[in-house]
Amino acid sequence: MHLDTDFMWKHLPDFVRAGGETLRIGGIAIFFSLIVAVIHSFILYFRIRPLTWAVRLHIELARNTPLLIQLFFLYFALPQLGIKLSAMTTVFIAMTFLGGGYFTEVFRSGMEAVEKSQSESGLAIGLSKWQLFRYVILPQALRISIPSLFANFIFLLKETTVVSAIAVPELLYTTTSYISLYYKTYEMLLMMTLCYLVIFLPLSFLLGYLERRYRRGAFGL
């Protein structure tokens, strides 16, 4: 098999731009998913009755429906109801919906892992329930949740491949488009694979380092 390296070098800038778009989409989705997860955690902790059911419904829908179906519903079904969203808006809403559901479960399990004695001690020294949540429960839950949280960061970034279905120009869409135009299948697949490795390998090592760094501050480590 002969690889057309000149062709690959020529289109390298296009793949760099597509990789940047992948990181931008994933980064924004992670940011808003974290905001959603913190708000949901607050609702679940204080057991705000009407909203608790809405949060649990969101979690179940997010975790039990594929991202592709969520994208198609927002992009193709909503216009039939008179609601038209751009491709990028659709992506951010769908990925935040998905990530928010997963991140909420991560935070919920982290809060449940905090020792009850911590809550009892906080109440005993006169902390309000809000102060207890802010200064005692949430910081410890975040530390406990870091491994699962970082794993879900990678998961959500990988899900950006799905958004090519609605013509968002990330790496997979760029690859399939160039294969259709130039029939350079092996070259484009190799470029895509290398780009994903360049993105995910350093990110994985960085998150692993940050996880070990945060764990070092925990009791007994």
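Remember, predicted model here, so these are calculated numbers, not experimental data. Position 1 is the first residue of the sequence; numbering continues from there.
Within 6.0 Å of NZ on K129 lie more than 12 heavy atoms contributed by other residues, nucleotides or ligands. Heavy atoms of other residues, nucleotides or ligands lying less than 6.0 angstrom from OH of Y196 number more than 12. Enclosure of atom CZ in F31 is not indicated, since only 12 or fewer non-hydrogen atoms of other residues, nucleotides or ligands lie within 6.0 angstrom.
Under the 3.5 Å distance criterion, the side-chain polar atoms of E187 are matched with a main-chain donor or acceptor of D4. With Q131 contributing its side chain and S128 its backbone, the two residues share a donor-acceptor pair below 3.5 Å.
Judged as a salt bridge (Lys or Arg N to Asp or Glu O under 4.0 Å), and not counting sequence neighbours, the contacts of R63 are E105. Remark: L61 engages L57, F97 in a side-chain contact (heavy atoms from CB on, under 4.5 Å) (not counting sequence neighbours).
Using a 4.5 Å heavy-atom cutoff, the side chains of M191 and L171 are not in contact. Residues I25 and F92 are in side-chain contact: their nearest non-hydrogen atoms beyond the backbone lie under 4.5 Å apart. For the pair F107 and L44, the minimum side-chain heavy-atom distance is 4.5 Å or more. A 4.5 Å side-chain heavy-atom check between V163 and Y173 finds every atom pair outside the cut-off. Here the side chains of S119 and V136 are not in contact, with every heavy-atom distance at 4.5 Å or above. Annotation: side chain of D6 is not in contact with side chain of K10 (no heavy-atom distance under 4.5 Å). Side-chain atoms of S164 and T176, non-hydrogen and from C-beta on, never get closer than 4.5 Å to each other. Looking at heavy atoms from C-beta onward, Y45 lies in side-chain contact with L132 at the 4.5 angstrom threshold.
The CG atom of D14 sits 9.0 Å away from atom CE of M188, with the distance rounded to the nearest 0.5 Å. Annotation: the span from L201 atom CG to L206 atom CG amounts to 12.5 Å, rounded to 0.5 Å. To the nearest 0.5 Å, atoms NE2 (H40) and CD1 (I35) are separated by 12.0 Å. Here L127 contributes atom CG and I125 contributes atom CD1; the two are 4.0 Å apart, rounded to the nearest 0.5 Å. Atoms CG and NE2, from L98 and H58 in turn, are 8.0 Å apart once rounded to the nearest 0.5 Å. Atoms CD1 and CD1, from I48 and I43 in turn, are 5.5 Å apart once rounded to the nearest 0.5 Å.
Considering all non-hydrogen atoms of both residues, V106 and L149 come closest at CG1-N, 3.9 Å. Summarising the geometry of G101 relative to A62, their closest heavy-atom pair is CA-CB, 4.0 Å, with the distance given to 0.1 Å. What you find for L172 and T161 is that their closest heavy atoms are CD2-O, 3.4 Å. Across all their heavy atoms, G110 and S145 have their closest contact at CA-OG, 3.5 Å. Contact detail for E60 and N64: the closest heavy-atom pair is O-ND2, 2.8 Å. Across M95 and A29, no two heavy atoms sit closer than the pair CB-CB, 3.7 Å.
We find that R108 and E112 are joined by a salt bridge, their nearest charged nitrogen and carboxylate oxygen being less than 4.0 Å apart.
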Y182/F7 under ring-ring contact (aromatic ring centres under 6.0 Å, His included): CA gap, chis, key distance, verdict: CA-CA 10 Å; Y182 302 109; F7 181 85; 5.1 Å; yes
Residue pair L78, L81: steps toward the side-chain contact (heavy atoms from CB on, under 4.5 Å) verdict: CA-CA 5 Å; L78 286 187; L81 304 175; 4.2 Å; yes
Test log, rule side-chain contact (heavy atoms from CB on, under 4.5 Å), inputs Y102 and F155: CA-CA 10 Å; Y102 276 93; F155 160 75; 4.0 Å; yes
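Applying the side chain to side chain donor-acceptor pair (under 3.5 Å) test to every pair with at least one member in residues 69-89, sequence neighbours left out, gives these pairs: T65-Q70, S86-T89.
Between F42 and W130, the two ring planes are perpendicular [angle over 60°; tilted spans 30° to 60°].
Separation of the F133 and F46 ring centroids falls under the 6.0 Å cut-off. Note: F150 and F153 meet the aromatic proximity criterion, with ring centroids under 6.0 Å apart.
One hydrophobic cluster holds both I59 and L51 under the rule that ILVMFWY side chains link at heavy-atom gaps under 4.5 Å. When hydrophobic clusters are built by joining Ile, Leu, Val, Met, Phe, Trp and Tyr residues whose side-chain heavy atoms come closer than 4.5 Å, directly or via intermediates, L142 is not grouped with V36. Cluster annotation: L67 is not connected to L74 through the hydrophobic network of ILVMFWY side chains, with a link wherever side-chain heavy atoms come within less than 4.5 Å. The same ILVMFWY cluster, assembled from side-chain heavy atoms under 4.5 Å apart, contains both I28 and L157. When hydrophobic clusters are built by joining Ile, Leu, Val, Met, Phe, Trp and Tyr residues whose side-chain heavy atoms come closer than 4.5 Å, directly or via intermediates, Y183 is not grouped with W9.
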